[in-house]
Colleague: 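Here it is, the structure in full.
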Amino acid sequence: MEDALSRIISELESHQILQNPDSQSPISESALLDLQSLFDDADPTDSDRLWEEMTSKNLHPSSLNSPISAAMDSTSPLLSLLASDTYLSILLSPSSPLYTLFSPISFLSLLRSLRRTFKHCRLSPAPTHPSTGKKPGRKKRGPAGRNARRTHDSELDPDASDGDTGNAPQINTRLILSILEKLESLLDRIHLNGFSDSLKSLAQTVAEIPVMALDSLENSMDFNRLCDICFRILNGVLQPEHGDQTVVAVEVLKSLAPSILLLKSQVRTFALQFVTRQMMAAAKVSEAIRKAIVYFPRFLASKAPEKSDPRAAAVDSIIEVVRAMELQDQIGFADYVVKMTKGKAQLRLVAVDLILALLTVLPDPLGVNEEKGIAEEGRNWWGCRCLEALMERCSDAAGGIRARALSNMAQVVGFLSGDVANCTRLRELMGFGNSGSGEGLNELLRRCTDEKAAVRKAALLLITKSMDLLGRSIDHNRLKTIAIACSDPLVSIRKAALAALSEVFRKFPDSKVTTEWLHAVPRLIIDNETSIQVECENLFQELVLEQVSRCSSVDSCSNTAGHSQMDQMDVEGTFQGELESAIPKSVLILLKEICDGEVAPYVKKICTSLGKKKQLKLNIALSLQNIIQTSESLWLSHSMAIAKWTAPAGAWFLLSEVSSFLPKAVGWKFLHHHWQLLDKTKPEKAVCSPVVDIEMAGEDSVESNSVSWAGDRVFLLQTISNVSVELPPEPAADLAHNLLKMIEEFSMHLTEVNAHIKALRAICKRKALNTEEGDNLVSKWVNQLLSKALSVLDNYLLEVSESSKPDTFFTPPRNISQKGKREALVSKFLSKAVTAVFTVGCLVLVCPSVDLKGTIPLLHTIITSGSSKSKPKELANISVSLKQVAPSLYIQSWLTMGKICLADGKLAKRYIPLFVQELEKSDCAALRNNIVVVMADFCVRYTALIDCYIPRITNSLRDPCEVVRRQTFILLSRLLQRDYVKWRGVLFLRFLLSLVDESEKIRQLADFLFGSILKAKAPLLAYNSFVEAIFVLNDCHAHAGHSESQGLQNGRQLFSIRGNDGQSRSQRMHIYASLLKEMAPEHLLATSAKVCAEILAAASDGLLDLNDITGQSVLQDALQILACKEMRIQPNRGAAAAADAAEMEEEGGESSGALNAARGRVVTQVAKKNLIQNAIPIFIELKRLLESKNSPLTGCLMECLRILLKDYKNEIDDILVADKQLQKELMYDMHKYEAAKTKTTVAEAVATMQRSAGHRSPLMPSAGSVRSELSNRSNIHVRLADQLGSTDKIASAVADVAAAATVRSVLKEINSSTPPLKSMSIPKIKTSYAAVGKGSCPSDVLESVRRRL
């Protein structure tokens, strides 16, 4: 010990002699070890002897501070920690002069030493062996070759420079824990109330240690112990002896904030537990600590990060702290969050998430379960205020905040709507009204058509969650808005719309909802996204098939008493009522709507898909049979004629579709009974052809019954065909004989013919012993029917030829009665001839190998009748035009010829030009529609033959008949999807006009094609054809690419929107905007460059003739395109853009959002460079040219420049350095435009405030109304600040509006109080020019006026 004391004193004396005020040398390691052994010894006399020796050598105790502080600041981690440990041991010694040795500088050096250790060193686990200063079993000398007395070598890992772990030294955790424990003990001896910097640094360092040790310390037990010591130190700092507890608590909480805001970490858990348990417990005792902790969540909210995942973690941490508070403090924080919703974009985004957490975590947010006195506040309860603020953010200016607010609102509604009392309050707050309709729902539906995809998706989700609040069904227009979203280009939005509309259907299955659902959802079975197809199938099975399946046990018995005395109308009404009581009305509505012409094709696809997956259940077939039998029984129970009975609409249709996969579920007795019923019971009026039906449309009831009867027969026959395998042999043979007999009569409706032939073929094929026998049977009756059909056609043509002959050769002439009989006979033959021709077409499809040598010439005669061209002698010829005499036969002949051509390629090659010619010249819409369908089939079968006729087929896209246009659009779209037709030539340009078609349905189809299908299949097509589209739509031929692609000049005006009128320009701009929306930012940039180079530059160089009206239109369109919002690449500036970017990160992941943001920045920089280097010089030259010609397009050019340069106001001097005059004009136009816009915006806001004030009660306003008014004003100011971006502009505009209002008020008051001049009695003054005649004027006055002018 004596040696240690002498070494310590000797080194201290040398430091005192060599003391340099500028730099202090650190104490040596040996001296530190001696001091440590001296003060760690249990005998206090050793340390007393040190102080005595220092006193005897005239060494002040404070002389230890400088060398030890220098050692703590050393770059050697071990020396620094050893000095820190020694310094703390000295301070903790009972005999040490505490306040002499303690120095803020030394204390800060101690804290810096700890920071450096955790930043630059790795921590090894503490040994489990009892600590003696050495590692068990290890005895290794230091690098300097010192003796074993240097026990600190045990704290340094000798393998610290291993290649796997880097060059950072490894420190044993035991030494760190020892220093922290001593630091905790020091706080009991030293009060830091006079050392504010030391206190602040201590709180920051101790709070950061767990974060820094998280990566360097792998042992969880050591880490837990480390965190426990750190938080004990922070708890000790909070004691009142260390100063003002509020100030200290604030410093501690600020230091803990980074740890609490971590994403996922043990440190975050420890920090939250410290705040919510220890500090909250202290806050209940100390009001000073409570003041600090109440404001801590607000501080965390202001520091919350922007990205989605860290922000969500921050919100969770904030809510954990808020949950531990008292109720009044929680309400105060809720009010602060409401104020945050009116702040900057980042704060609004955090506030929206906080409101969701508050409403779902804290108890009774709407105050419905509170005591009477508190609950009477109603809408003033904290949760109601939060909910109103969240509703306001649903209309935020930033799209990301709107989407987040709507999404959070959906979660709030889903969470709170389980309570009836909450539902009532929610319905009131959300503006749904008592009847389930109101302004809140209108605003929500407007968001379904928002320009931001995330907003549309969130709005649909909110609608799905709000069904329990509506109370009743949504009207048709609002339903239409949701249904349109099912065709959105984005998959996620289509899914959300599918869920929203299905939820409405679950809650309110009335007729209008059922109709809208069936027209919107089943069509998604053909969606490109497989998951949507699967969801569509699941929803159809749940909402349609399962609902119908519940009718499998319906009781068909009814009370028949009392019906005999009723008249027919009453009986039918009673029957309908009893039917709806036996079968749910919703089921009857479903069945009726699924057989709609626009729904049935998709229902067939869904049933086929479900059947192939074996997901169709037997109950559905049993239920449909039960529904049909119940309807029949109820009808007969009322003693009504069975001839007038038809099954519920859609029942036979659905049964025919499901029976193909459930053949054993349909009984033969059931089918046989209804076949006999429909076969024996003839309708009152036979329906033979479409033309005859149209001409006799006056008999509505008879026709409706006949069509329903024919439809039931068709679906019954299809069902029989599906279950023909299960039919007994003898009944099957009888049925086949009856079917053949009925076909031979040629008296059925056309829809029945095909069903009869298919059923007959199915029975023959399935009941034959082998395939060859079945083919022979089919061929036999096909030839038999074909010969009889030809006989019917020959007879009709003969009658037509005879009846067309003039009567002059008859002696005596025919009378009127004979002519009438003749016409009736011809009409009867026509009906049979139409059916015969249609039957021939069906037979060709059933048996393509049938001999048609006699049929083709006959059909050729019919389709060419009336033509002036000479015909071969072997072809029959008639003198009349069947197109005029028998249009139905003429149409069916073309259709049958198309079916024959599908079976015979050589014949198709000869007749395809005739089909195209007839398509272009025919004035019958039905024939044009049929030929379009035939040409689409030809395109699949004979692609090479049809390819050259595609431009002529596309002329039907501009057909005067909407049905033909829609049919052409759908068929060509399908061919394009299947690559039978290519997007080349004029095809894409002609499809563009469907975007502005007169029909809303065609416009919707076109939007879906360009926005979804085409975007995925040919993403560059819009970019490659954009400039050419400008010339084509304006019918301008100055573009080289356009002139080359115009192979057909006769259709150029048909597919152009030529003209400078407002409607034509708006239609063209709608097309341009639709194409630009689908382009990526880099394609927008390239398109902008192409427009400048190929249109603006061509105009300035004289290549584009500006004297021509089409050239002017092209130039005007180009300028409007460059200025439109779809073309502009917005730079990511401001918090609103950051909010939108954050929302996109939530949709596509943070890496995707960062990548998109980086790409956007690059494109923005390139766009600016392109504008300066390429576009501006072209604009300058073009402006000079337009000014020299006094062109009205100069104004368009200036407006375009103003919009392009408004984001570069500070750089206009550099951009327009080549034209100072243009620079001045643009600056003037910009200032003028902004002033006018600001004034208009403020005027509208003031008018809104005045209108809202006009609806208030004139009585004394309550506190709530005053608060509401102040909130309304603040909201208007926030909205104006978001729109205008400058408080100076707002103040100036408000002053102008106020001045104008004051002037109007003063003038109004003067006019109301001042009498008119003519009523005032004033003396008349005689003029000095009395001699001048009336109407003349002195010459000097005229001269004065002339000079002024």
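Reckoned from all heavy atoms, side chains included, excluding hydrogens, waters and symmetry mates.
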Colleague: Testing the basics here: between T954 and L987, what is the closest heavy-atom pair and its distance to 0.1 Å?
Modeller: CG2-CD1, 3.2 Å
Colleague: Are W645 and S631 close enough, and set up right, to give a side chain to side chain donor-acceptor pair (under 3.5 Å), and what steps lead you there?
Modeller: CA-CA 9 Å; W645 171 78; S631 175; 2.9 Å; yes
Colleague: Using atom types as modelled and distance alone, determine if a side-chain donor or acceptor of N538 lies under 3.5 Å from a backbone N or O of V534.
Modeller: yes
Colleague: Evaluate the side chain to side chain donor-acceptor pair (under 3.5 Å) criterion for residues S659 and N722: first the C-alpha distance (whole Å), next the side-chain angles of each, then the deciding distance (0.1 Å), finally the verdict.
Modeller: CA-CA 6 Å; S659 61; N722 295 335; 3.0 Å; yes
Colleague: About how many Å separate CZ of R978 and OG of S973, when rounded to the nearest 0.5 Å?
Modeller: 13.0 Å
Colleague: Quick one: does Y942's side chain have a donor or acceptor within less than 3.5 Å of a partner on L902's backbone?
Modeller: yes
Colleague: Would you call E745 and K832 a salt bridge, taking side-chain N to carboxylate O under 4.0 Å as the test?
Modeller: no
Colleague: Looking only at non-hydrogen atoms, find the nearest pair between V932 and S956 and report the distance.
Modeller: CG2-OG, 3.8 Å
Colleague: Taking all non-hydrogen atoms of both residues, which atom of C551 and which atom of S623 are closest, and how far apart?
Modeller: C-OG, 3.8 Å
Colleague: What heavy-atom pair brings L760 and L739 nearest, and what distance separates the two atoms?
Modeller: N-CD1, 3.9 Å
Colleague: Looking at every heavy atom in both I891 and C924, which two are closest together, and how far apart are they?
Modeller: CD1-SG, 3.6 Å
Colleague: Aromatic ring centroids of F915 and F938 under 6.0 Å?
Modeller: yes
Colleague: With rounding to the nearest 0.5 angstrom, report the CD to CD1 distance, Q533 to I526.
Modeller: 9.0 Å
Colleague: Working to the nearest 0.5 Å, report the span between CG of L927 and NZ of K883.
Modeller: 7.0 Å
Colleague: To check you understand the geometry: which heavy-atom pair defines the closest contact between L654 and C607, and what is its length?
Modeller: CD1-SG, 4.0 Å
Colleague: Do NZ/NE/NH1/NH2 and the carboxylate oxygens of E598 and R966 come within less than 4.0 Å?
Modeller: yes
Colleague: Applying the ring-ring contact (aromatic ring centres under 6.0 Å, His included) criterion to F670, which one of H673, H674, H672 satisfies it?
Modeller: H674
Colleague: Calculate, to the nearest 0.5 Å, the distance between atoms CD1 and CD belonging to I620 and Q541 respectively.
Modeller: 9.5 Å
Colleague: Checking K899 against F838: charged group under 6.0 Å from the ring centre and within 45 degrees of the axis?
Modeller: yes
Colleague: Using modelled atom types and a 3.5 Å cut-off, is there a donor and acceptor pairing between side-chain atoms of R523 and backbone atoms of Y602?
Modeller: no
